[in-house]
Amino acid sequence: MGLSEFKAEYAAVFHPKEYLADYSQLDEEVIFTIRFMVQSLRGLPPDLLTLEFGGGPVLYSVATQAPYAREIHFCDFLPANLNEVRSWLNSEPDAFDWTPYFKLVLEEEGMPANPTTIRLRSATIRRKVTRLSICDALAEAPLGQVAARYDLVVANYCTDVAAAPLPGGVPRMRTNGTMGQPGGWLVVSVTP
(Lines give C-alpha, C1' and ligand atoms only; values in the text may rest on other atoms or scores of the structure.)
Protein backbone atom coordinates (compact mmCIF):
# COMPACT_ATOMS: atom_id res chain seq x y z
CA MET A 1 0.00 0.00 0.00
CA GLY A 2 1.37 3.36 -1.00
CA LEU A 3 1.34 6.51 1.10
CA SER A 4 -1.62 8.09 -0.67
CA GLU A 5 -3.64 4.86 -0.33
CA PHE A 6 -2.75 4.66 3.38
CA LYS A 7 -3.92 8.25 3.95
CA ALA A 8 -7.15 7.68 2.04
CA GLU A 9 -7.89 4.47 3.95
CA TYR A 10 -7.23 6.16 7.29
CA ALA A 11 -9.59 9.01 6.39
CA ALA A 12 -12.25 6.51 5.35
CA VAL A 13 -12.10 4.28 8.44
CA PHE A 14 -11.53 6.75 11.28
CA HIS A 15 -14.77 8.17 12.65
CA PRO A 16 -14.39 10.69 15.50
CA LYS A 17 -17.81 10.04 17.07
CA GLU A 18 -17.11 6.29 17.23
CA TYR A 19 -13.65 6.97 18.63
CA LEU A 20 -15.07 9.28 21.30
CA ALA A 21 -17.68 6.66 22.23
CA ASP A 22 -14.75 4.69 23.68
CA TYR A 23 -14.02 7.70 25.89
CA SER A 24 -17.12 7.21 28.02
CA GLN A 25 -14.79 6.31 30.92
CA LEU A 26 -11.25 7.21 31.82
CA ASP A 27 -9.02 4.26 30.97
CA GLU A 28 -5.46 3.46 32.07
CA GLU A 29 -3.89 4.85 28.90
CA VAL A 30 -5.65 8.21 29.22
CA ILE A 31 -4.86 8.44 32.94
CA PHE A 32 -1.21 7.66 32.20
CA THR A 33 -1.11 10.24 29.40
CA ILE A 34 -2.66 12.98 31.54
CA ARG A 35 -0.15 12.26 34.33
CA PHE A 36 2.69 12.20 31.81
CA MET A 37 1.60 15.52 30.33
CA VAL A 38 1.15 17.25 33.70
CA GLN A 39 4.58 16.05 34.85
CA SER A 40 6.25 16.92 31.54
CA LEU A 41 4.88 20.46 31.47
CA ARG A 42 5.37 21.24 35.17
CA GLY A 43 7.87 24.07 35.51
CA LEU A 44 7.46 25.48 32.01
CA PRO A 45 7.25 29.25 31.83
CA PRO A 46 3.91 30.92 31.10
CA ASP A 47 2.94 32.71 27.89
CA LEU A 48 3.97 30.01 25.41
CA LEU A 49 2.72 29.66 21.86
CA THR A 50 1.79 25.97 21.80
CA LEU A 51 0.82 23.48 19.11
CA GLU A 52 -1.27 20.38 19.68
CA PHE A 53 -0.06 18.36 16.68
CA GLY A 54 -2.30 15.53 15.47
CA GLY A 55 -4.68 16.00 18.37
CA GLY A 56 -7.50 13.96 16.83
CA PRO A 57 -10.89 14.81 18.33
CA VAL A 58 -9.37 14.84 21.84
CA LEU A 59 -8.89 17.80 24.20
CA TYR A 60 -7.42 16.51 27.47
CA SER A 61 -3.86 17.25 26.33
CA VAL A 62 -4.88 20.83 25.55
CA ALA A 63 -6.23 21.06 29.12
CA THR A 64 -2.71 20.32 30.42
CA GLN A 65 -1.19 23.03 28.18
CA ALA A 66 -3.66 25.78 29.06
CA PRO A 67 -1.87 27.09 32.19
CA TYR A 68 1.33 27.67 30.21
CA ALA A 69 -0.09 28.93 26.92
CA ARG A 70 -0.88 32.41 25.75
CA GLU A 71 -2.29 30.78 22.62
CA ILE A 72 -2.89 27.18 21.53
CA HIS A 73 -3.03 26.07 17.92
CA PHE A 74 -4.65 22.70 17.30
CA CYS A 75 -4.12 20.66 14.15
CA ASP A 76 -5.06 17.26 12.83
CA PHE A 77 -4.97 15.31 9.58
CA LEU A 78 -8.74 14.81 9.44
CA PRO A 79 -11.21 17.68 9.04
CA ALA A 80 -13.81 15.57 10.89
CA ASN A 81 -11.60 15.61 14.00
CA LEU A 82 -11.29 19.39 13.78
CA ASN A 83 -15.08 19.58 13.49
CA GLU A 84 -15.43 17.67 16.79
CA VAL A 85 -13.00 20.05 18.49
CA ARG A 86 -14.79 23.06 16.99
CA SER A 87 -18.10 21.69 18.28
CA TRP A 88 -16.75 21.65 21.84
CA LEU A 89 -15.08 25.07 21.48
CA ASN A 90 -18.43 26.49 20.34
CA SER A 91 -20.29 24.82 23.25
CA GLU A 92 -22.60 23.01 20.87
CA PRO A 93 -25.15 20.79 22.63
CA ASP A 94 -23.93 17.55 21.03
CA ALA A 95 -20.25 18.19 21.80
CA PHE A 96 -18.34 15.59 23.77
CA ASP A 97 -18.25 16.19 27.54
CA TRP A 98 -14.63 16.51 28.65
CA THR A 99 -15.55 17.27 32.29
CA PRO A 100 -14.13 14.05 33.85
CA TYR A 101 -10.89 14.49 31.90
CA PHE A 102 -10.46 18.12 32.91
CA LYS A 103 -11.25 17.12 36.50
CA LEU A 104 -8.38 14.62 36.42
CA VAL A 105 -6.03 17.21 34.88
CA LEU A 106 -6.81 19.63 37.72
CA GLU A 107 -6.34 16.91 40.35
CA GLU A 108 -2.98 15.93 38.85
CA GLU A 109 -1.93 19.59 38.91
CA GLY A 110 -2.82 19.72 42.62
CA MET A 111 -5.66 22.14 41.96
CA PRO A 112 -9.19 21.95 43.36
CA ALA A 113 -11.32 19.96 40.93
CA ASN A 114 -14.87 21.17 41.37
CA PRO A 115 -17.54 22.43 38.97
CA THR A 116 -16.25 26.02 39.22
CA THR A 117 -12.60 25.20 38.48
CA ILE A 118 -13.60 22.84 35.67
CA ARG A 119 -15.73 25.60 34.11
CA LEU A 120 -12.81 28.02 34.46
CA ARG A 121 -10.38 25.60 32.78
CA SER A 122 -12.92 25.01 30.01
CA ALA A 123 -13.30 28.78 29.50
CA THR A 124 -9.51 29.17 29.44
CA ILE A 125 -9.19 26.49 26.78
CA ARG A 126 -11.93 28.05 24.67
CA ARG A 127 -10.21 31.43 24.90
CA LYS A 128 -6.69 30.15 24.20
CA VAL A 129 -7.38 27.77 21.30
CA THR A 130 -7.19 30.31 18.50
CA ARG A 131 -6.44 28.21 15.44
CA LEU A 132 -7.69 24.89 14.08
CA SER A 133 -5.87 23.63 10.99
CA ILE A 134 -4.99 20.60 8.92
CA CYS A 135 -1.60 18.93 9.40
CA ASP A 136 0.19 15.95 7.91
CA ALA A 137 2.96 14.29 9.93
CA LEU A 138 4.43 12.77 6.76
CA ALA A 139 4.62 15.95 4.70
CA GLU A 140 7.84 17.92 4.26
CA ALA A 141 5.90 20.91 5.63
CA PRO A 142 3.64 19.23 8.25
CA LEU A 143 1.63 22.43 8.76
CA GLY A 144 1.37 23.37 5.11
CA GLN A 145 1.74 27.11 4.61
CA VAL A 146 1.62 27.94 8.34
CA ALA A 147 4.93 29.59 9.15
CA ALA A 148 4.61 29.75 12.93
CA ARG A 149 7.40 28.44 15.15
CA TYR A 150 6.10 27.14 18.46
CA ASP A 151 7.54 27.34 21.95
CA LEU A 152 5.91 24.00 22.76
CA VAL A 153 4.86 21.25 20.35
CA VAL A 154 2.86 18.33 21.75
CA ALA A 155 2.22 15.21 19.66
CA ASN A 156 0.41 12.40 21.46
CA TYR A 157 -0.10 9.09 19.68
CA CYS A 158 0.01 10.44 16.16
CA THR A 159 3.54 10.53 14.71
CA ASP A 160 4.20 6.85 15.35
CA VAL A 161 0.86 5.86 13.80
CA ALA A 162 1.44 8.08 10.77
CA ALA A 163 4.96 6.74 10.20
CA ALA A 164 4.16 3.05 10.84
CA PRO A 165 3.52 1.98 7.23
CA LEU A 166 6.66 3.64 5.87
CA PRO A 167 10.16 2.22 5.65
CA GLY A 168 12.37 4.63 7.56
CA GLY A 169 9.31 6.26 9.11
CA VAL A 170 11.08 7.22 12.32
CA PRO A 171 13.68 9.46 10.62
CA ARG A 172 10.88 11.01 8.56
CA MET A 173 9.16 12.08 11.77
CA ARG A 174 12.09 14.43 12.43
CA THR A 175 10.51 16.98 10.10
CA ASN A 176 8.06 17.67 12.93
CA GLY A 177 10.92 19.23 14.90
CA THR A 178 11.03 22.08 12.38
CA MET A 179 7.82 23.47 13.88
CA GLY A 180 9.44 24.38 17.19
CA GLN A 181 11.38 27.43 18.23
CA PRO A 182 15.08 26.92 18.92
CA GLY A 183 15.29 26.25 22.64
CA GLY A 184 11.61 25.24 22.74
CA TRP A 185 10.05 22.02 23.95
CA LEU A 186 8.76 18.96 22.12
CA VAL A 187 6.61 16.46 24.03
CA VAL A 188 5.82 13.24 22.17
CA SER A 189 4.07 10.11 23.36
CA VAL A 190 3.85 6.95 21.28
CA THR A 191 1.93 3.72 21.52
CA PRO A 192 4.11 0.95 23.04
Side-chain angles (χ1 to χ4, degrees), residues 29-79 81-82 84-86 88-90 98 101-102 104-111 113 117-118 120-163 169-191:
E29 182 178 302
V30 171
I31 293 168
F32 173 83
T33 304
I34 288 172
R35 288 181 177 151
F36 166 75
M37 288 298 301
V38 169
Q39 291 171 7
S40 296
L41 301 181
R42 189 169 278 135
L44 288 183
D47 204 38
L48 300 175
L49 176 59
T50 73
L51 174 66
E52 177 73 16
F53 185 83
V58 177
L59 285 167
Y60 60 80
S61 174
V62 171
T64 67
Q65 297 168 44
Y68 307 98
R70 76 173 172 274
E71 196 172 328
I72 301 169
H73 295 176
F74 188 105
C75 68
D76 193 75
F77 180 69
L78 296 178
N81 286 337
L82 297 176
E84 284 298 318
V85 171
R86 187 176 294 108
W88 184 86
L89 291 172
N90 293 334
W98 291 104
Y101 298 84
F102 296 174
L104 179 59
V105 168
L106 291 165
E107 290 169 352
E108 291 297 320
E109 291 174 349
M111 305 290 290
T117 57
I118 294 167
L120 287 171
R121 181 60 59 98
S122 296
T124 298
I125 294 166
R126 286 184 172 104
R127 185 179 74 251
K128 290 186 176 186
V129 174
T130 60
R131 178 183 293 167
L132 299 177
S133 60
I134 297 292
C135 63
D136 183 346
L138 299 177
E140 288 299 322
L143 297 176
Q145 300 301 315
V146 175
R149 300 279 288 189
Y150 295 92
D151 302 307
L152 170 65
V153 176
V154 175
N156 289 311
Y157 309 111
C158 71
T159 54
D160 57 325
V161 173
V170 173
R172 181 67 182 248
M173 288 178 359
R174 289 186 190 147
T175 61
N176 294 337
T178 63
M179 297 177 290
Q181 288 280 16
W185 295 271
L186 172 64
V187 178
V188 176
S189 57
V190 296
T191 306

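Values in this document were obtained by computation on a predicted structure and should not be read as measured data. Computed over heavy atoms, backbone and side chain alike; hydrogens, waters and symmetry mates excluded.
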**Prompt:** Would you call R35 and E108 a salt bridge, using N to O less than 4.0 angstrom?
**Reply:** yes
**Prompt:** So, the side chain of K128 versus the backbone of A66: is there a donor-acceptor pair under 3.5 Å, distance only?
**Reply:** yes
**Item:** Residue pair L152 / L41, side-chain heavy-atom distance below 4.5 Å
**Value:** yes
**Straight-line distance of R126 CZ to S122 OG, nearest 0.5 Å** = 5.5 Å
**Request:** To the nearest 0.5 Å, tell me how far F74 CZ sits from L82 CG.
**Result:** 6.5 Å
**Complete:** dist L89:CG -> E84:CD (nearest 0.5 Å) comes out at 11.5 Å
**Prompt:** With a 4.0 Å cut-off, would you call E109 and R121 a salt bridge?
**Reply:** yes
**Request:** Check P79 against F77 and note the closest heavy-atom contact, atom names and distance.
**Result:** CD-O, 3.6 Å
**Distance-only polar pair, side chains of T33 and E29, donor-acceptor under 3.5 Å** = no
**Item:** Minimum heavy-atom distance L143-C75, with the two atoms named
**Value:** CD2-SG, 3.7 Å
**Prompt:** Going by the angle between their ring planes, with limits at 30° and 60°, are Y101 and W98 parallel, tilted or perpendicular?
**Reply:** perpendicular
**Complete:** CD of E71 to CG of L48, rounded to nearest 0.5 Å, is 11.5 Å
**Request:** Kindly determine whether I125 and I72 satisfy side chain to side chain contact (heavy atoms under 4.5 Å, CB included), including the steps that lead there.
**Result:** CA-CA 8 Å; I125 294 166; I72 301 169; 5.6 Å; no
**Asked** Hey, does I118 have a side-chain heavy atom less than 4.5 Å from the side chain of L106?
**Response** yes
**Request:** Could you grab the distance from atom CG of L78 to atom CD1 of I134, nearest 0.5 Å is fine?
**Result:** 7.5 Å
**Message:** The test is side chain to side chain contact (heavy atoms under 4.5 Å, CB included); show your working for T50 and Y150 and say whether it passes.
**Reply:** CA-CA 6 Å; T50 73; Y150 295 92; 5.7 Å; no
**Message:** Any heavy-atom pair between the side chains of H73 and L132 that's under 4.5 Å?
**Reply:** no
**Request:** Compare all side-chain heavy atoms of M37 with those of N156 and state whether any distance is below 4.5 angstrom.
**Result:** yes
**Prompt:** Measuring from F102:CZ to I34:CD1, what's the distance to the nearest 0.5 Å?
**Reply:** 9.0 Å
**Test log, rule side chain to side chain contact (heavy atoms under 4.5 Å, CB included), inputs V154 and L51** = CA-CA 6 Å; V154 175; L51 174 66; over 6 Å; no
**Asked** Would you call P182 and R149 a side-chain contact if the rule is heavy atoms closer than 4.5 Å?
**Response** yes
**Item:** Pairwise side-chain contact, D136 with P142, heavy-atom cut-off 4.5 Å (strictly under)
**Value:** no
**Message:** Contact between Y68 and P45 at the side-chain level, heavy atoms closer than 4.5 Å - yes or no?
**Reply:** no
**N/O donor-acceptor pair under 3.5 Å between D76 side chain and G56 backbone** = yes
**Residue pair V85 / L59, side-chain heavy-atom distance below 4.5 Å** = yes
